[in-house]
Enquirer: 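A single structure is presented below for examination.
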Amino acid sequence: MKRDPSPLDTDTLYLGAPDVARIVARKGLPACLAGVADRIHADFLRWHEFDKTPRVANHSADGVIELMPVSDASWYSFKYVNGHPKNTQRGVSTVMAFGVLADVATGAPRLLAELTLPTAIRTAAMSALAARTLARKDSRVMALIGNGAQAEFQAIAFRDLVGIRTLRVHDVDARASAKLVRNLQGQGLEIVVCASTAEAVRGADIVTTITADKQLATIITPEMVEPGMHFNGVGGDCPGKTELHADVLRAASVFVEFEPQTRIEGDLQQMPADFEVTELWRVLSGQTAGRTSDAQVTVFDSVGFAIEDYAALHFLHDMARELGIGDVIQLVPQMNDPKDLFATIGATADLQRAPARSSIATISA
Ligand SMILES: NC(=O)c1ccc[n+]([C@@H]2O[C@H](COP(=O)([O-])OP(=O)(O)OC[C@H]3O[C@@H](n4cnc5c(N)ncnc54)[C@H](O)[C@@H]3O)[C@@H](O)[C@H]2O)c1
């Protein structure tokens with residue numbers, strides 16, 4: 001996709017779920033994970049070029065629906081995403097998403113895309129990018145707690161981008177772990193199914209928590225922490241929803257995506273406002289040290305930030321163009337005279353005055 005579309009061009013590329021799945025199948029998941037990780041990395045390095053804001057969240061008893069906007073001088077993007085942990089009990093995904101890429105110069109929407117699958121990819125890419133930066137370089141064993149929709153993506157990203165060779169997996173739902181084992185057969189990963197989180201975490205170099213439960217959970221407790229571990233806390237991502245005990249954070253150096261958002265949503269929500277954290281972009285850009293010793297415990301308190309979706313949307317758009325996938329739709333009207341919106345309703349429009357109140361009463365009587 002060219003990055004400077006004609007200002008008069010209001011065509012929108014539409015990528016539905018089958019289109020996005022075809023893109024991932026044609027390119028291959030490892031290439032998509034690596035491609036999105038590269039873009040996130042590049043975009044995090046130009047952190048100050050983005051107009052950033054914590055996402056807007058609407059909470060209900062069973063879940064949350066969020067809007068995640070961000071923009072730079074050329075592009076605006078937003079993602080719509082939900083989180084409803086009980087959904088799977090009724091056959092619906094916990095997380096579903098779609099998003100838009102719009103031209104800042106005109107405001108025209110240029111891409112409308114399903115983002116459920118890309119969310120799993122960008123989350124795994126982000127997690128692996130953080131771990132590649134923060135975990136011990138000799139990390140080969142990862143505990144993976146929560147084996148639902150996101151889990152396999154995390155496994156492949158950590159295999160390819162971090163060098164993980166053994167997974168110690170646990171889920172309160174044994175069928176979820178069995179599904180993960182099935183899906184990852186023949187992928188060069190040794191997988192050990194564990195009866196508890198404590199058993200899975202024991203001896204691991206990296207611990208990924210990616211559970212879904214709308215409560216202040218403590219999946220990881222202080223006695224599970226071993227020197228040198230890196231924690232990738234992904235499922236504690238909204239107010240009232242955590243995975244790491246506060247003492248785990250106290251025992252560690254904590255890294256975040258966008259601090260104002262993570263203070264509201266991350267495991268960090270349990271900590272006082274002055275609890276010290278470091279935004280990951282500072283480490284990626286070499287401004288701040290990440291891990292400073294092999295014994296240090298590091299935590300990436302992931303919540304998912306809009307720049308990651310901006311990167312994923314650009315990746316999708318480029319791949320769709322390259323592979324000739326997707327449909328060009330008229331999401332917004334295209335007009336010969338942009339001041340003549342009225343003409344779009346055409347000659348067939350019924351311009352009769354609405355019936356007077358008395359005649360409505362007569363008709364319905
Ligand atoms: N940080 C981010 O960027 C980001 C992005 C996407 C999803 N998420 C979060 O990741 C989590 C997982 O998402 P998903 O799509 O895989 O959900 P999912 O519902 O498909 O899977 C979650 C799994 O966690 C398991 N689980 C729940 N409580 C557990 C516990 N105490 N111990 C072990 N396992 C437990 C469930 O049985 C389920 O199999 C959600 O909380 C979601 O909000 C975060």
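The shown structure was predicted, so the numbers you read here are calculated from the model rather than taken from an experiment. Numbering starts at 1 and runs along the sequence shown. Both ligands and their constituent atoms are indexed starting at 1 by order of listing.
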Enquirer: Taking 4.0 angstrom as the limit, do Glu152 and Lys179 come out as a salt bridge?
Expert: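 Answer for the salt bridge query: yes.
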Enquirer: Charged N to carboxylate O below 4.0 Å: is that the case for Asp337 and Lys339?
Expert: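 Looking at Lys339 together with Asp337, the answer is no, because their closest N to O distance does not fall below 4.0 Å.
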Enquirer: Identify the protein atoms, limited to N or O, that lie within less than 3.5 Å of an N or O atom of ligand 1, and list each pair with its distance to 0.1 Å.
Expert:
residue	atom	partner	partner atom	Å
ligand 1	1 (N)	Val234	O	3.2
ligand 1	1 (N)	Ser302	OG	2.9
ligand 1	1 (N)	Val303	O	3.4
ligand 1	3 (O)	Arg122	NH1	3.0
ligand 1	3 (O)	Gly304	N	3.3
ligand 1	8 (N)	Asp237	OD2	3.4
ligand 1	15 (O)	Gln150	NE2	2.9
ligand 1	16 (O)	Ala149	N	3.1
ligand 1	16 (O)	Gln150	N	3.0
ligand 1	19 (O)	Thr94	OG1	2.6
ligand 1	20 (O)	Ala149	N	2.9
ligand 1	24 (O)	Ala212	N	3.4
ligand 1	34 (N)	Val172	N	3.4
ligand 1	37 (O)	Asp171	OD1	2.6
ligand 1	39 (O)	Asp171	OD1	3.4
ligand 1	39 (O)	Asp171	OD2	2.6
ligand 1	41 (O)	Thr211	O	2.8
ligand 1	41 (O)	Lys241	NZ	2.7
ligand 1	43 (O)	Asp237	OD2	2.8
ligand 1	43 (O)	Lys241	NZ	3.0

Enquirer: Apply the side-chain hydrogen bond (donor to acceptor under 3.5 Å, both in side chains) test between Asn232 and each candidate in Thr209, Thr208, Thr298; give the one that qualifies.
Expert: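 Of the listed residues Thr209, Thr208, Thr298, the side-chain hydrogen bond (donor to acceptor under 3.5 Å, both in side chains) partner of Asn232 is Thr208.
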Enquirer: When you check the gap from the basic side-chain N to the acidic O, do Asp72 and Arg46 get nearer than 4.0 Å?
Expert: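 Salt bridge present between Asp72 and Arg46.
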Enquirer: Classify the ring geometry between Phe305 and Trp47 as parallel (under 30°), tilted (30 to 60°) or perpendicular (over 60°).
Expert: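 Answer is tilted, since the angle falls between 30° and 60°.
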Enquirer: Let's go through His317 and Trp75 carefully: what are the C-alpha distance in whole Å and the side-chain angles of both, what is the deciding distance for ring pair (Phe, Tyr, Trp, His ring centres under 6.0 Å) to 0.1 Å, and is it a yes or a no?
Expert: CA-CA 13 Å; His317 208 169; Trp75 293 101; 7.1 Å; no
